[in-house]
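Here the structure comes first, spelled out in structure tokens, and everything after it is commentary.
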Amino acid sequence: MNDNARLRPVLWVLLIVGLAANAVASITGNEFIGAGFGLVALAAGTGLAVHHYRYRRQ
């Protein structure tokens, strides 16, 4: 398994964990912690989109 194939599952896990932690932090009232996890989720989603368009089959 090459590095490109290993990156996608890691990005998916980061996205799911970032979204869940963002939701929990937002519910509990920790806006700064929620914003940090929101940035993690945004970066993971952006990474997934870039990875998809860079390595899609043609």
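Atom-to-atom distance recorded for I16:CD1 and L11:CG is 11.0 Å, nearest 0.5 angstrom. The structure places CZ of F37 at 11.0 Å from CG of L14, a figure rounded to the nearest 0.5 Å. For the atom pair OH (Y55) and CG (L7), the distance works out to 8.0 Å, reported to the nearest 0.5 Å.
Nearest heavy-atom pair across A41 and G18 is CB-C, 4.0 Å.
Applying the side chain to side chain donor-acceptor pair (under 3.5 Å) rule to pairs touching residues 13-26 yields N22-S26, sequence neighbours excluded.
Two different hydrophobic clusters hold L19 and L39 under the rule that ILVMFWY side chains link at heavy-atom gaps under 4.5 Å.
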